[in-house]
Q: 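So that we are looking at the same thing, I have put the structure below in structure tokens.
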Amino acid sequence: MERYASSLEESVDGARQQEKHYQLLSALQSLVKELPSSFQQRLSYTTLSDLALALLDGTVFEIVQGLLEIQHLTEKSLYNQRLRLQNEHRVLRQALRQKHLEAQQACRPHNLPVLQAAQHRELEAVEHRIREEQHAMDRKIVLELDRKVADQQSTLEKAGVAGFYVTTNPQELTLQMNLLELIRKLQQRGCQTGKTTL
């Protein structure tokens, strides 16, 4: 008798899972229609069905939310680092202008052209250093963001989310971004209806 009850529960659970899978797949198919046709063509029924399966238990929604929060924190940190560097450069320029002005005011008129030429060279050297530091900071930011993307791809791949793997191919990245957008829209729909899942 217990085997029969257990079998019946499994059958009911299986039917619920199948219904939920169908609802997710149907919602995904509806959302895909909003994408550009070039991406619609790349998202096969099998890919969408696999994505719906990965979303069934809600874990992927939590993973995506966590990745999004980490990304926002990283972007904010990098933005603040860049702002600090820009502020340091602004202070450096102001200090240099003040130093040059004071030197010119204390300079004898016949030495002024020599002083101004030296100050011009010093200013050019400082501006060159500032440009180099800004370029280095920008390269660091791009590398850090690229690393975050690879981490996100790897995490989603390990979670079994269809379409995700580590790549730098622009078309594949755009496709993955569209898949993430589909997941986020499904998540928002679930929240708007007051349910934790669809």
Q: Below 4.5 Å, heavy atoms only, C-beta onward: do M177 and E181 meet side chain to side chain?
A: no
Q: What's the spacing between L73 CG and K148 NZ if we round to 0.5 Å?
A: 9.5 Å
Q: Under 3.5 Å, side chain of T155 to main-chain N/O of D151, donor-acceptor pair present?
A: yes
Q: Mind checking what makes salt bridge (charged side-chain N to carboxylate O under 4.0 Å, His left out) contact with R82, not counting sequence neighbours?
A: D138
Q: Evaluate side chain to side chain contact (heavy atoms under 4.5 Å, CB included) for L43 paired with L175, printing each intermediate quantity in order.
A: CA-CA 9 Å; L43 293 171; L175 182 65; 3.7 Å; yes
Q: Applying side chain to side chain contact (heavy atoms under 4.5 Å, CB included), run through V60 and L51 and close with a yes or a no.
A: CA-CA 10 Å; V60 171; L51 180 57; 5.8 Å; no
Q: How long is the span from the CG atom in D57 to the CD atom in Q17, to the nearest 0.5 Å?
A: 8.0 Å
Q: Say whether, by atom type as modelled, one donor and one acceptor occur between the side chain of H21 and the main chain of S49 under 3.5 angstrom.
A: yes
Q: Of all residues at least two apart in sequence or in a different chain, which pass the side chain to side chain contact (heavy atoms under 4.5 Å, CB included) check with A118?
A: R121
Q: Minimum heavy-atom separation for L179 and A162, please, with both atom names.
A: CD1-O, 3.6 Å
Q: With distance as the sole test, does T174 use its side chain to make a donor-acceptor pair with the main-chain N or O of P170 at under 3.5 Å?
A: yes
Q: Indicate the atoms forming the closest heavy-atom contact of A54 with G160, along with that distance.
A: CB-O, 3.6 Å
Q: Under a single-linkage rule joining Ile, Leu, Val, Met, Phe, Trp and Tyr whose side-chain heavy atoms are separated by less than 4.5 Å, which residues share a cluster with L145?
A: L78, L85, M137, I141
Q: Once you round to the nearest 0.5 Å, how far does CD of Q176 lie from CD1 of I183?
A: 10.5 Å
Q: Is the closest side-chain donor-acceptor distance between Q98 and E102 under 3.5 Å?
A: yes
Q: Can you see which heavy atom on L25 is nearest to which on Y45, and at what distance?
A: CD2-OH, 3.3 Å
Q: Considering all heavy atoms of both residues, which atom of L180 and which atom of F164 are nearest to each other, and what is their separation?
A: CG-CZ, 3.8 Å
Q: The criterion is side chain to side chain contact (heavy atoms under 4.5 Å, CB included); which residues satisfy it with Y79, sequence neighbours excluded?
A: L83
Q: Verify side chain to side chain contact (heavy atoms under 4.5 Å, CB included) between K99 and Q119, making sure each step is shown before the conclusion.
A: CA-CA 10 Å; K99 176 183 143 192; Q119 288 177 339; over 6 Å; no
Q: Less than 4.5 Å apart, side chain to side chain, heavy atoms only: is that true for N178 and R42?
A: no
Q: Got a second to check how far L186's CG is from L28's CG, nearest 0.5 Å?
A: 4.5 Å
Q: Looking only at the side chains, is there a donor atom on one of Q134 and R131 sitting less than 3.5 Å from an acceptor on the other?
A: no
Q: Let me confirm one number: the NZ-CG distance from K33 to L31, rounded to the nearest 0.5 Å.
A: 10.5 Å
Q: Is the side chain of Q104 donor-acceptor paired with the backbone N or O of L112 at a distance under 3.5 Å, no angle test?
A: no
Q: Okay, side chain of S30, backbone of S26: is any donor-acceptor separation there less than 3.5 Å?
A: no
Q: Does a salt bridge link E144 with R147, judged by any charged N lying under 4.0 Å from a carboxylate O?
A: yes
Q: In the hydrophobic cluster built from side-chain contacts under 4.5 Å, what are the other members alongside L92?
A: L96, L123, V126, I130
Q: Got a salt bridge between E133 and R129, using NZ or NE/NH1/NH2 to carboxylate O under 4.0 Å?
A: yes
Q: Would you say the side chains of N87 and R90 form a donor-acceptor pair under 3.5 Å?
A: yes
Q: Do you know which two heavy atoms are closest between E172 and Y165, and how far apart they sit?
A: OE1-OH, 2.9 Å
Q: Identify the two heavy atoms, one from K20 and one from L56, that lie closest to each other, and give their separation to 0.1 Å.
A: NZ-O, 2.7 Å
Q: Do E69 and Q65 have side-chain atoms, one donor and one acceptor, less than 3.5 Å apart?
A: yes
Q: Please check: side-chain N/O of Q153 versus main-chain N/O of T167, any donor-acceptor pairing under 3.5 Å?
A: yes
Q: So do K185 and R189 actually touch side chain to side chain, heavy atoms under 4.5 Å?
A: no
Q: Using a 4.5 Å cut-off between side-chain heavy atoms of Ile, Leu, Val, Met, Phe, Trp and Tyr, which other residues end up in the same hydrophobic cluster as L173?
A: V149
Q: Would a 4.5 Å heavy-atom cut-off, applied to side chains only, mark V64 and V161 as touching?
A: no
Q: Go through the side-chain N and O atoms of H120 and E124 and say whether any donor and acceptor fall under 3.5 Å apart.
A: yes
Q: Could you go through R84 and Q81, starting from their C-alpha distance and side-chain angles, then the distance that decides it, and tell me whether this counts as side-chain hydrogen bond (donor to acceptor under 3.5 Å, both in side chains)?
A: CA-CA 5 Å; R84 275 193 300 276; Q81 288 175 38; 5.4 Å; no
